[in-house]
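Accompanying notes for the structure given below.
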Amino acid sequence: MVLTADTAAETLLDWYSETARDLPWRRPDCDGWGVLISEIMLQQTPVARVEPIWHEWLERWPKPSALAGATQAEVLRAWGKLGYPRRALRLHTAADVIAREHGDVVPGDVDTLLALPGIGAYTARAVAAFAYGKRTPVVDTNVRRVVARAVHGAGDAGPASNTKDMADVEALLPADQRRAATVSAALMELGALVCTARSPQCADCPVFDDCAWVRAGKPAYDGPAKPVQKFAGTDRQVRGLLLDVLRGTEEPVPKTRLDVVWDRAGQRDRCLDSLLTDGLVEQTADGRFALPGEH
DNA sequence: AATCCGTGGCA
DNA sequence: TTGCCAAGGAT
């Protein structure tokens, strides 16, 4: 029998209770705000780099209204080098909406969460499940890989298909809300610790006996090639270098201070323009540049 | 639907 | 060294 809701739930719950990492956002005293911050920070960013920053944020801004009261520059500096700094700006905006329209309490309803900036299909359901114990399919890259292998017998997940992926996971969730939420956490944890992308540790897998991929003889991934994201030399690198200069100064800087970080003037200026457009950089009245919200 | 958006660790 | 990978979202 291949992995199903019947076979999966008890096995995964037992495994999770014994094996799950003791991450701070999983502690019982962590509220929806702590969970939301963790989920945004964890988007495309490893746990090890998120943990220290998460603690700083929760101590400094224990409620959405506290973060909403900070300047964008403060938020971007506190975000540091987590990457994709637009996430920080969107979280800042979301915090303001939560403070003003939701009584300073992170919503537990998926559709309400989806209406907030920076919160998509994954994050909305992750918050609903992990902070509020809701039964809803939480589909991230880990879960897609686990399902691709254990259910479909493939070497890895193909291109994401939101509707189909959520239906696959939904089929694995037990009826009980609370148990379903923990199964969602367990599926993610399984993908993160055991059913990993590079070298899955099948010997340690709680669903080994029910895994379609194992039964099929662990065939290699045969789907479409995944597009490789270059970084060196891209606008992403240049934007990162420009922003790093501004994170390191309190005072606005003249453009000459930014010009030294990258040779190619055309690309450099285009990137600075895009940062201004994205609201990650502001220009002062006298023509200097700074992180937004303070000048 | 494909592409863009940061950063750093690791094999 | 280079390429892959890490709890996605917006357009």
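Every value quoted in this text rests on a predicted model; they were computed, and no experiment measured them.
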Exercise for the section: Could you tell me whether the side chain of A:W25 and the main chain of A:C30 form a donor-acceptor pair under 3.5 Å? Expected result: no

Practice task
Write down the distance between CG (A:L82) and C1' (B:dG6), rounded to a whole number of angstrom.
Solution key: 10 Å

Exercise for the section: With heavy atoms under 4.0 Å as the rule, sort A:P227 into base, sugar-phosphate or nothing. Expected result: nothing

Handout entry: Gap in Å between the two P atoms, one belonging to B:dT3 and one to C:dC4, rounded
Key = 16 Å

Handout entry: P-based separation of B:dG6 from C:dT11 [nearest Å]
Key = 14 Å

Handout entry: Gap between atoms CH2 and P, on A:W79 and B:dT7 respectively (whole Å)
Key = 12 Å

Practice task
For A:R149 and A:G155, indicate whether the former's side chain and the latter's backbone hold a donor-acceptor pair under 3.5 Å.
Solution key: yes

Practice task
Would you mind building the protein contact string for nucleotides 3-11 of chain C? One character per nucleotide, 5' to 3', B for base within reach (heavy atoms under 4.0 Å), S for sugar-phosphate only, - for untouched.
Solution key: BBSBBBBS-

Exercise for the section: Pick the P atom in B:dA11 and in C:dA7, then give their distance to the nearest Å. Expected result: 16 Å

Practice task
Using a 4.0 Å heavy-atom cut-off across all strands, classify A:R270 as base, sugar-phosphate, or nothing.
Solution key: nothing

Completion exercise
Residue pairs meeting side-chain hydrogen bond (donor to acceptor under 3.5 Å, both in side chains), one or both in residues 242-251 of chain A, sequence neighbours left out, come to A:D244-A:R247

Handout entry: Atom-to-atom span, CG of A:L243 to C1' of B:dC5 - whole angstrom
Key = 12 Å

Problem - Ionic contact status for A:E10 with A:R179, cut-off 4.0 Å - result: yes

Practice task
Describe the nucleic acid contact of A:D235 in one word from base, sugar-phosphate, nothing, applying a heavy-atom distance below 4.0 Å.
Solution key: sugar-phosphate

